Chemist: 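Encoded as structure tokens, here's the structure I'll be asking about.
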Amino acid sequence: MNYLRLKKQSDFNKLFSGGRRAFSPSLTMIYAPAKQLRMGISVGKRHGKSVQRNRIKRLLREAFRSVREEIKGNYFIVLVPKVREDYSFFTFRKHLQCMIGKEKL
RNA sequence: CGAGUUUGUUAUACGGUCGCGGGGCCCUUCGGGGCAAUGAGGAAAGUCCGAGCAGCACAGGACAGGGUGCCUGAUAACGUCAGGUGAAGGCGACUUCAAGGAAAGUGCAACAGAAAUAAACCGCAGGGUUUUUGCCCUGUAAGGAUGGAAAGGCGAGGUAAGAGCUCACCGAUACCGCGGUAACGCGGUAUGCCAUGUAAACCCCACCCGCUGCAAGAUUGGGUGCCUGCCAUAUAGGGCUGUCCGUCCGGCAGGUUACCGUGAAUAUCGCUUGAGCUUGUCGGUGACGGCAAGCCUAGAUAGAUGACCGUACACGACAGAACUCGGCUUAUCGACAGACUCGGAUC
RNA sequence: GCGGGAAUAGCUCAGUGGUAGAGCGUUACCUUGCCAAGGUAAAUGUCGCGGGUUCAAGUCUCGUUUCCCGCU
């Protein structure tokens, strides 16, 4: 039931140029079908200093872990959060669930 | 009681459920699973200094360039720290200071002002001339005006008017004596005081400094400009990571051919036991050092500390290791403790 | 992670320690029947920020903030 992390720079570039996109108020999800389920997070300097960026990544990892059961197929997924004043675990989880249901993953 | 100065400590705490990193032990169908521990800071930050470590260069020397700059000490080293000296600020506790040299030389000092390193605009006084106003010559630098700065300050004597011209006090410089390891301090004598500021302008003096940085570098395939073996040591030209003096170099044979590959960096090592931490004791005013006992305390690589619930209150600031240490600087809601100063009241 | 550089008017840039400038833009007036072009004049700056040296700092110096570039 585990998932793998998306690590290669080339995979990120492939998704950003040719992946399908789903939107929600707090984050953008980019995905494409693949052999395994891999998830990556893209957080840049515009999201804040290193403490803030680490916090976003932890919240997103935890949110993805809690909704992982609902994903049936295998995809490469990149999560891009939007720039906000503050971030919370519950809004991330809610929007992830919405997008998974809408896109029928 | 109020107002302050200074030094240090700390940086929400506890419990439950799920999850993450590396290591240990156990199990394994080799995919993995289980257990009990452990896992960000005082600044981890900025990268401003100093070192270790690594690679390259290097006989050695000179020049250039850069840095430091009161004294003594501490240290592996430092631009850091400690204790002193001097100066400035504060009633005080105390704080701050890139604090050598302007009599080696060069430069600069706008505007204003008579004049800016140089002497006379208004003045003051004496003499000459003239009826007087005035004009000319001489002396002078007290006063005025300008400026950041105007030829030590202030008072008395003195003088035609004045002036260190003379004298007392203060300041400055030189010498002597005493104290101190020294910076320097105290006292005495002499000199009427040969002369502004700027060295965070160039510079002089003293001391120090190879260059690059863990994305360094090494290992695990093949190969090259590489490796192995043999022979040779002259010139040209080139290299020697700022320049010069100076110093070094070459050829032949074999393997191998710009690609193969599984993936070739997204691997492994470097990577955490170290000028280490805690406690005690001894030496030192102190920074710090000696000795003894105990301890092992992150090591990731899309980059590990999170989510939820409960309890308590002060309702949680700044902020996240990336080779490692010693400092500095900057950010920071607060809490606690020690020492000291000033003011008021009471005994 | 490591190493360089910049910040000056609305924009692009000059600026030996001594009153901060140029071009474009803006505003007003002239010119024209009207507009453009042209001419005349004016306004516009905590010299990124905070200390220090100096009589005097945009310039020298220390710290700090933001941005850009190179190594990879």
Side-chain angles (χ1 to χ4, degrees):
Chain A
M1 289 323 263
N2 273 320
Y3 68 97
L4 296 168
R5 297 298 302 277
L6 190 64
K7 295 182 178 181
K8 288 189 184 181
Q9 184 67 47
S10 57
D11 292 341
F12 272 84
N13 290 336
K14 218 178 295 174
L15 276 175
F16 278 126
S17 58
R20 290 182 54 84
R21 287 165 190 261
F23 302 97
S24 70
S26 65
L27 62 139
T28 302
M29 185 170 76
I30 306 171
Y31 66 96
K35 291 177 182 172
Q36 301 165 308
L37 180 62
R38 283 181 181 270
M39 188 273 285
I41 302 171
S42 172
V43 181
K45 263 194 176 168
R46 64 206 174 97
H47 290 93
K49 296 196 171 189
S50 61
V51 173
Q52 185 79 2
R53 294 200 301 270
N54 276 336
R55 169 125 188 109
I56 293 171
K57 286 191 271 189
R58 284 166 189 153
L59 289 174
L60 276 178
R61 277 203 302 269
E62 184 65 23
F64 188 80
R65 192 178 68 86
S66 65
V67 302
R68 187 256 170 276
E69 306 280 336
E70 305 173 17
I71 300 178
K72 307 298 181 207
N74 285 329
Y75 300 94
F76 282 0
I77 297 172
V78 172
L79 303 175
V80 184
K82 304 197 173 175
V83 178
R84 289 292 179 81
E85 287 289 311
D86 50 348
Y87 305 86
S88 87
F89 170 71
F90 288 110
T91 54
F92 277 146
R93 191 172 67 179
K94 199 175 77 187
H95 291 145
L96 266 177
Q97 282 171 330
C98 280
M99 285 192 290
I100 288 166
K102 204 163 62 181
E103 301 289 328
K104 300 184 177 64
L105 294 182

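Please read all numbers here as calculations on a predicted model, not as lab measurements. Below, read A as the first sequence line, B as the second, and so on, with proteins coming before strands; counting in each chain starts at 1.
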Chemist: Check the distance between A302(B)'s P and F76(A)'s CZ and give it to me in whole angstrom.
Modeler: 15 Å
Chemist: Parallel, tilted or perpendicular: which describes the rings of F92(A) and Y87(A), with under 30° parallel and over 60° perpendicular?
Modeler: parallel
Chemist: Rounded off to whole Å, could you give me the NZ-to-C1' distance for the K57(A) and G303(B) pair?
Modeler: 7 Å
Chemist: With C1' as the reference atom in both, quote the distance from A118(B) to U146(B) in angstrom, rounded to an integer.
Modeler: 16 Å
Chemist: Could you let me know what A3(B) is paired to, Watson-Crick or G-U wobble, both distances under 3.5 Å, or none if it's on its own?
Modeler: U341(B)
Chemist: On a heavy-atom basis, which atom in K82(A) and which in S24(A) lie closest, and how many Å separate them?
Modeler: NZ-O, 3.4 Å
Chemist: Please classify the glycosidic conformation of G223(B) as syn (within 90° of 0) or anti (everything else).
Modeler: anti
Chemist: Syn or anti for A40(B), given that syn means the glycosidic angle lies within 90° of 0?
Modeler: syn
Chemist: What's the closest nucleotide to the R61(A) side chain, out of G306(B), G303(B), C308(B)?
Modeler: G303(B)
Chemist: State which of C308(B), A319(B), G306(B) makes the closest approach to the side chain of V51(A).
Modeler: A319(B)
Chemist: Taking for each residue the nucleotide of RNA chain B bearing the nearest heavy atom, is the 5' side occupied by N54(A) or by F90(A)?
Modeler: F90(A)
Chemist: Taking a pair as Watson-Crick or G-U wobble with both distances under 3.5 Å, which nucleotide is matched to U329(B)?
Modeler: A45(B)
Chemist: Just the rounded figure in Å: distance from P of C309(B) to CZ of F89(A).
Modeler: 10 Å
Chemist: For C230(B), which nucleotide is its Watson-Crick or G-U wobble mate, given both distances must be under 3.5 Å?
Modeler: G251(B)
Chemist: L59(A) CG to A304(B) P: how many Å, rounded?
Modeler: 13 Å
Chemist: With a 4.0 Å cut-off on heavy atoms, is I41(A) in touch with a base, just the backbone sugar-phosphate, or nothing at all?
Modeler: base
Chemist: Could you give me the stems involving RNA chain C, meaning stretches of three or more consecutive Watson-Crick or G-U wobble pairs whose two defining distances are both below 3.5 Å?
Modeler: C:1-7 with C:65-71, C:10-13 with C:21-24, C:26-30 with C:38-42, C:48-52 with C:60-64
Chemist: Could you measure between the two C1' atoms, the one in G83(B) and the one in G180(B), and give it in whole Å?
Modeler: 15 Å
Chemist: For A307(B), take OP1 and OP2 only and decide whether either is under 4.0 Å from a side-chain N or O of R55(A).
Modeler: yes
Chemist: Should U305(B) form a Watson-Crick or G-U wobble pair with both distances under 3.5 Å, which nucleotide is its partner?
Modeler: none
Chemist: Just name whichever nucleotide pairs with C186(B), Watson-Crick or G-U, keeping both distances under 3.5 Å, else none.
Modeler: G177(B)
Chemist: Suppose we define a pair by two distances each less than 3.5 Å, Watson-Crick or G-U wobble; what does A150(B) pair with here?
Modeler: none
Chemist: Taking the P atom in each of U278(B) and G2(B), what is the distance between them to the nearest angstrom?
Modeler: 38 Å
Chemist: Which part of the nucleic acid, if any, lies within contact of F64(A), taking any heavy atom under 4.0 Å across all strands shown: a base, the sugar-phosphate backbone alone, or nothing?
Modeler: nothing
Chemist: By the rule that syn is within 90° of 0, classify the base conformation of U272(B) as syn or anti.
Modeler: syn
Chemist: Rounding to the closest angstrom, what is the interatomic distance between G326(B) and G42(B) at atom P?
Modeler: 11 Å
Chemist: Can you tell me the distance, in whole Å, between the CD1 atom of I56(A) and the P atom of A307(B)?
Modeler: 13 Å
Chemist: Could you list the residues that satisfy ring-ring contact (aromatic ring centres under 6.0 Å, His included) with F76(A), not counting sequence neighbours?
Modeler: none
Chemist: On RNA chain B, compare the nucleotides closest to Q52(A) and R65(A); which residue's is nearer the 5' end?
Modeler: R65(A)
Chemist: Determine the interatomic distance between P on G66(B) and the same-named atom on C202(B); round to the nearest Å.
Modeler: 10 Å
Chemist: Which base, if any, makes a Watson-Crick or G-U wobble pair with U159(B), both distances under 3.5 Å?
Modeler: none
Chemist: Would you say R58(A) reaches A307(B)'s phosphate, i.e. side-chain N/O to OP1/OP2 under 4.0 Å?
Modeler: no
Chemist: L60(A) CG to A304(B) P: how many Å, rounded?
Modeler: 13 Å
